[in-house]
Peer 1: 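Sharing a structure with you now.
Remember, it's 1-based here, ligands and their atoms both numbered in the order they're listed.
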Amino acid sequence: MEMIEIRGGNRLHGEVAVSGAKNAALPLLFATLLASGQSRLDNVPRLRDCDTVEKLLGIFGARVERSGNTFLVDTRDVASIEAPYDLVRTMRASVLALGPLTARFGRARVSLPGGCAIGARPIDLHLKGLEAMGAEITLDQGYVETRAERLVGARVYLDLPTVTGTENLMMAAALARGETLLENAAREPEIVDLAEALNKMGALVEGAGSDTIRIQGADDLAPYEHATMADRIEAGTFLVAGAITGGEVLVRGAMPQHLEAMLAKLRDSGARLEELEDGIRVHGPDRPLPASIVTSPHPGFPTDMQAQFMALMCLADGSCQISEQVFENRFMHVCELQRMGADIQIAGHTATVRGVERLKGAPVMATDLRASASLVLAGLAAEGTTAVSRIYHLDRGYEHIEEKLAGLGADIRRVRARG
Ligand code: EPZ
């Protein structure tokens, strides 16, 4: 079993480049199913989740060629419309196949993703929207099946601004007859990236990035050529790495407009940030100041940065409150941070963090993607050695994180543990 071993205490310095965004690449790869022909997607990060999409597209019958960070996806021979449970359970974003397959082939059969470590994560809003567009939905042995002669544009109000729900319905609407209006839509930058690709394919998507998205469906769409946007969560993670070690790090590719809420809190914690043409430089404080956060859908503080920010607050000169309002169980990193000496009390959706002078390295276990990032960050600042196990969680969302951190002066390596 692989682990990541960190000897803490080095102040990071230098520059690091951000990879393509996982949460943009996944919907973009499924969007290739909307057209017949070869699409090209560049700047795709080399992550386990992207490997899973490659397998799924192959199961549908697409021909996928990967070279470096480029995917060539030829969908001319797509025939199957079933996403099997053994793949879907490893990556809930597989539900993004529902919209494109239903829109293009009139049918889809996708395993229900099931819950995951951070919450139940139902897809009821995805299905409500497809039903409003005329799809007949049935549940059969843990699979969702959709059928539709042809989807028809509809006005859909999303009870929650679901990110993949918005993406699924945008893709479905792109081939529906007539106009679709998505209200209370998610506003994440990844949605804007998907809209750009859909428009390149011949759809007419307006308002992406706002809470109301209007899509004129087309009778058919053409393959696209597109480059995935930079990963704002990876960028945020490296900014926190510079801050928590009191270092000075230039995160190349970080886009301030994608992280405003998080950057504001980083400044409140005493970090100095320089917004440059092609990135952001962070100057970490000797000791962070406490800064309370409440996670919320974009443009609020991103839930995907909550665990990483908590690691920073564990060392703050004072107490703060960290409230997780998007997912019901996204504090799995707390007990591991406590094993490193953090002083954190949880009451419902809110954790009270009392900063300590220093954390102590310890063997800790990753439980989900961002929790594992939080443990690595804590290890960078802790006294002594931290060994993070179950790092397959980390590999789902970070491309060569230990190499990138070592390049910034961290004493970090991937080791194969016995047993
Ligand atoms: C996306 O997940 C991201 N994943 C998540 O990133 C991210 O944490 C999340 O958005 C919130 O920003 C991808 O983009 C692949 P949601 P998603 O639907 O779309 C409830 C990471 O670390 N909900 O916006 O699954 C749901 O239970 C991952 O990279 C319903 O109730 O999130 C949750 O409480 C983790 N019914 C809330 O909405 C639905 O039909 C937000 O979920 C859909 C969602």
Peer 1: Just jot down the salt bridge (charged side-chain N to carboxylate O under 4.0 Å, His left out) partners of Glu196, sequence neighbours excluded, or say none.
Peer 2: none

Peer 1: Can you tell me which residue among Lys22, Arg330, Arg232 is in a side chain to side chain donor-acceptor pair (under 3.5 Å) with Asp304?
Peer 2: Arg330

Peer 1: What does the list of residues with a heavy atom under 4.0 Å from ligand 1 look like, ordered by chain and number?
Peer 2: Lys22, Asn23, Ala93, Arg121, Pro122, Ile123, Asp124, Leu125, His126, Leu160, Thr162, Val163, Thr164, Thr303, Asp304, Val326, Phe327, Arg330, Leu369, Arg370

Peer 1: Does the structure place the NZ or CZ of Arg107 under 6.0 Å from the centre of the six-membered ring of Phe105, at an angle of no more than 45° from the ring's axis?
Peer 2: no

Peer 1: Should Glu225 and Lys200 count as an ion pair when the cut-off is N to O under 4.0 Å?
Peer 2: no

Peer 1: Between Asp42 and Arg40, is there a side-chain N and carboxylate O pair less than 4.0 Å apart?
Peer 2: yes

Peer 1: Does a side-chain N-to-carboxylate-O contact under 4.0 Å join Arg46 and Glu403?
Peer 2: no

